[in-house]
Amino acid sequence: MAKISLTFPDQSQHEFDAGVTTLAVAKSIASSLAKKAVAGNLNGTLVDLDQPLNQDGDLQIITNTDPEGVLVLRDTAAFVLGAALKQLHPDLHFGEHKADDDGFYLDTDRADGQVAVSELPDIKKAMQKIISANQPVERKVVDKADLLKKFADDPYQTLLLNAMDAVQVHVYQLGDYTSFGSRALLKSLAPLKHVELLSVAGAYWQGKSSNPMLQRIYGTAFFKADELDADLKRRAEIKERDHRTIGRDLDIFFVDPEVGAGLPYWMPNGATIRRVIERYIIDKEVADGYEHVYTPVLANLNLYKTSGHWAHYREDMFPPMDMGDGEFLELRPMNCPSHIQIYNHHNRSYRELPVRIAELGMMHRYEKSGALSGLQRVREMTLNDGHTFLAPEQIQSEFKRVLRLMMDVYDDFNITDYTFRLSYRDPANTEKYFDDDEMWNKSQAMLKGAMDDLGLDYYEAEGEAAFYGPKLDVQTKTALGNDETMSTIQLDFMMPEKFQLTYVGADGKDHRPVMMHRGIVGTMERFIAYLMEIYKGAFPTWLAPVQVEIIPVNLDLHTEYAQELQKQLASQGIRVKVDLRNEKMGYKIREAQTQKVPYTLVVGDEELRDQTVSVRRYGEKDANDEAIKMFTDMILDDIHNYSRTGSEKVNSNVETKLDK
RNA sequence: GCCACUUUAGCUCAGCAGGUAGAGCACCACCAUGGUAAGGUGGGGGUCGCCGGUUCAAAUCCGGCAAGUGGCUCCA
């Protein structure tokens, strides 16, 4: 009998009869391993436990504690979901399915109305029936031609099959339900005990908005009950971190749909946070060589025709205002053309470069209604925008300089959870972008080169570039787990060309500068939404709308002292309030805590006598008596340090590389 | 923009076999009130998202529109 040689993860090699199964291999190692085994990984491909192995290679036994094992479980759950739906609705069509870290989904389509959330409990019951019956799932290899006949009335399965090269296809079958395209499934349905169906949502067939929309059913599955419980709890707690919840509870912002969707109002609390950040970032940038300006939010449409926005970005722009005399005014969607006007207002010498123009620039973009979300996606936003005009040989050092500034700022906000993304144009869809292959190749290579030189980790994404050039994006995640861009550095050879920008070189001749677009804290809206989520609403002292809440024990006896304290603290720039409402002390303390005020000061007889304050920090149960001066020094220190506990930079790994 | 669902007091929600509205919190008033997370009593507040239809009668049923939520597409 033919033999095959399998290499285990410990690099040991073992001979087996060809046709041996992963389960048999597992048994040969240890019976306990065989019990835990859910699939095999042969040369990087998942295989079923009972699938005959006929080639040499690296074999890893995937168990129910491996992340890949959970994927097998979820793929199996998606399969059972399909089988259950097939029982309930024999005429249902199926799209694609997937299992990942977050759960699994299965796309469906029904002519007489899509599957609704209200049907999920019944569907789950049907799944449980299938699971407890635990009939074996049949795995077989069938001719594609036969399968096409079987799926003749299902357009999506037919398309998927036709897209496959193979003549034969691996399928899984249970009763009337046949499915293909799973990586591997469990041998038995018995471990599928902890499954939950979560939600339904529309999803375009194959992710193209020109295609019909299917209904996607989301679910998740775990091997253990407590893992499922923990995951469901995590999903429920997302709401507490969601910036829309915090924004309402802490009275930070609101959106009034009657006045305008996507047009947020900043309440005094939110405005305070925003003002502190705006002052901070302007100071930071001025210190770094930026010149801050103000430019109009309205401009003649011709400006955006010249810039290329009208040609490439029109769908995201508000319609122009017809002024009736041949003039059309446009709400600006980006600030770059405005800063170009600033650059162009004078003749520029090579001695001035790099010229760094910055602005907290308000912009308007007509976002699709379905994309709007709190402060994260809005139609009016203020970008911490900056444009550097530089000579080509300055690109590398300026790029590093922007990154350095970015990391400095991230340190001050204690931001550590992000990834770098190099965003290129989509080579398959070049008409979306400014048409100059050489420019794209050159600038994309330059950005990548800069990141490689610095030795920074990044991933590359085609189709994510701006229409005028490639970018380095800093990607973060929202509470809901969606990716979003916070900061960005963009290289642009196009606009200087379009606007015929020049500087006079050492040779006395005109030269073309390069533009670098960059946003550090991104838009005020998105940035503050992000901060609300990472801080869970408990803003560090330097950002907190109210930094100190003073509560007198007795209104008759201690009001005067409380107000005197307030005056003292306020005179040093501390944001302080006294709670003089006719309520009990416990009530006021509770409110100061739920409003997440960093410091609550209770003052009564003792404090008045000793000229002290009783200090309770947010989130702590205990209070300490401190002399007024001691408290004041401490809180001022807290504010000036951006509330950092240690002197250590949180992004030192990146900063070390920038220092080299 | 698309699919599904949702929209009742400032907030969270109940009411929905059709007979013109309720709770808790918040707000206001009065009483009480001295030590680290909710004192008591009373009161005010809603053309039930908007427009239309069915009906003797619509918060409730039907249709359209708008907004919100979860996703998809798009994106700072």
Side-chain angles (χ1 to χ4, degrees), chain A residues 105 107-109 113-120 198-218 238-239 242 244-245 248-249 251 254-262 313 315-316 333-334 363 365-378 381-385 463-464 466 471 473-476 480 482-488 490 517 519 521-527 529-530 551-558 582-594 600-607 614-616 620-624:
Chain A
Y105 66 70
D107 287 350
T108 63
D109 193 29
Q114 300 290 22
V115 173
V117 219
S118 55
E119 297 174 51
L120 293 184
L198 298 168
S199 61
V200 299
Y204 293 108
W205 165 241
Q206 299 203 316
K208 283 208 187 85
S209 58
S210 51
N211 281 343
M213 181 157 270
L214 310 185
Q215 193 74 339
R216 180 167 293 178
I217 303 173
Y218 287 91
I238 281 173
K239 206 175 172 195
D242 189 312
R244 290 165 297 187
T245 307
R248 190 190 58 234
D249 290 349
D251 212 16
F254 70 94
V255 180
D256 182 352
E258 304 294 317
V259 180
Y313 203 72
E315 274 194 7
D316 295 278
M334 293 187 196
M363 334 183 284
R365 298 183 183 177
Y366 190 75
E367 295 292 339
K368 302 227 161 59
S369 59
L372 299 175
S373 176
L375 287 179
Q376 270 156 358
R377 278 294 281 282
V378 293
M381 70 217 89
T382 298
L383 184 65
N384 162 229
D385 211 353
E464 297 290 346
K471 10 177 223 168
D473 291 320
V474 182
Q475 298 298 111
T476 54
L480 286 172
N482 297 320
D483 254 346
E484 65 179 7
T485 302
M486 190 153 72
S487 310
T488 182
Q490 310 173 353
H517 309 234
V521 301
T523 66
M524 301 317 296
E525 288 76 11
R526 183 171 285 184
F527 187 64
Y530 177 74
I551 298 172
V553 172
N554 181 301
L555 285 182
D556 291 334
L557 300 175
H558 311 126
N582 197 14
E583 291 290 348
K584 299 201 88 160
M585 213 187 79
Y587 180 90
K588 295 180 184 179
I589 287 170
R590 177 176 189 272
E591 189 159 291
Q593 292 293 309
T594 55
T600 304
L601 306 184
V602 174
V603 293
D605 284 344
E606 289 172 41
E607 288 77 16
S614 170
V615 184
R616 175 169 166 158
E620 288 181 10
K621 283 254 174 286
D622 302 326
N624 295 314

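Note on naming: letters A, B, ... go to the chains in the order of the sequence lines (proteins, then strands), and numbering restarts at 1 for each one.
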Checklist entry - On a whole-Å scale, what distance lies between the P atoms belonging to B/rG52 and B/rA59? => result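 The same atom, P, in both gives a distance of 14 Å.
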Under-3.5 Å donor-acceptor pair between [X] side chain and [N] base:
X: A/Glu119; N: B/rA4; answer: no
X: A/Glu607; N: B/rG35; answer: yes
X: A/Arg377; N: B/rC74; answer: yes
X: A/Tyr204; N: B/rG1; answer: yes

side-chain N/O [X] vs [N] OP1/OP2, d < 4.0 Å:
X: A/Arg244; N: B/rG68; result: no
X: A/Tyr587; N: B/rA26; result: yes
X: A/Lys471; N: B/rA76; result: yes
X: A/Arg216; N: B/rG70; result: no
X: A/Ser199; N: B/rG71; result: no

Checklist entry - Ignoring hydrogens and geometry, is there a side-chain-to-backbone donor-acceptor pair from A/Gln215 to A/Val115 under 3.5 Å? => result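 Side chain of A/Gln215 to backbone of A/Val115, a donor-acceptor pair under 3.5 Å: yes, one is there.
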Distance, rounded to the nearest Å, where [X] contributes [atom1] and [N] contributes [atom2]:
X: A/Asn582; N: B/rA29; atom1: CG; atom2: C1'; answer: 11 Å
X: A/Trp205; N: B/rG71; atom1: CH2; atom2: P; answer: 22 Å
X: A/Asp316; N: B/rU73; atom1: CG; atom2: P; answer: 16 Å
X: A/Glu583; N: B/rC27; atom1: CD; atom2: P; answer: 7 Å
X: A/Leu555; N: B/rG35; atom1: CG; atom2: P; answer: 13 Å
X: A/Asp556; N: B/rG34; atom1: CG; atom2: P; answer: 10 Å

Next on the checklist: Heavy-atom nearest nucleotide on RNA chain B for A/Met213 versus A/Leu383: which residue maps closer to 5'?
Outcome noted: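 Its nearest nucleotide lies further toward 5', so the answer is A/Met213.
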Any strand is fair game: report the nucleotide pairing with [N] by Watson-Crick or G-U wobble, both distances under 3.5 Å, or none.
N: B/rG24; answer: B/rC11
N: B/rC48; answer: none
N: B/rU33; answer: none
N: B/rA4; answer: B/rU69
N: B/rU60; answer: none

Next on the checklist: Regarding A/Gly522, tell me which of base, sugar-phosphate or nothing describes its non-hydrogen contacts under 4.0 Å with the strands shown.
Outcome noted: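 Touches nothing.
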